[in-house]
Engineer: 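Below you'll find the structure I mean.
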Amino acid sequence: SFSSTLLFTLPPTNRLFISDKKWVSKLGIYTYGLYLFHTIIINLFHQVNTLAFSWPIFTVITLMVTILVSMVSYHIFEKQFLKLKTYFY
């Protein structure tokens, strides 16, 4: 898995290169939020999973909610702090 991730960092002339226009690349600005919230959301959904979803459905739901929470967090909190970066540079 790690080796395949490294293949995506290859130059643009490679077939496996992910351009900046792909959704996977655009998800990169939300990675801090994904890092912070993924465990919390997985545990929350695990506790609340009264419908006993199968693990693939559970995984997709928690991933989508984690991405959504990360996007909201980025636009409400992180972006405001990133604007302050110009004052300290």
Engineer: Give, for atom CG of Leu63 and atom CD1 of Ile41, the distance between the pair rounded to the nearest 0.5 Å.
Structural biologist: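 Leu63 CG to Ile41 CD1: 10.0 Å, rounded to 0.5 Å.
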
Engineer: For residues 68-78, please give each side-chain donor-acceptor pair under 3.5 Å, one per line with the distance, not counting sequence neighbours.
Structural biologist:
{"unit_1": "Ser70", "atom_1": "OG", "unit_2": "Gly33", "atom_2": "O", "d": "3.3"}
{"unit_1": "Ser70", "atom_1": "OG", "unit_2": "Leu34", "atom_2": "N", "d": "3.0"}
{"unit_1": "Ser70", "atom_1": "OG", "unit_2": "Thr66", "atom_2": "O", "d": "2.8"}
{"unit_1": "His75", "atom_1": "ND1", "unit_2": "Lys79", "atom_2": "NZ", "d": "3.3"}
{"unit_1": "His75", "atom_1": "NE2", "unit_2": "Tyr30", "atom_2": "OH", "d": "3.3"}

Engineer: Can you check side-chain contact (heavy atoms from CB on, under 4.5 Å) on Trp55 and Thr59, steps first, answer last?
Structural biologist: CA-CA 6 Å; Trp55 69 268; Thr59 304; 3.9 Å; yes

Engineer: Would you say the side chain of Tyr32 lies within less than 4.5 Å of the side chain of Leu36, judging by non-hydrogen atoms?
Structural biologist: yes

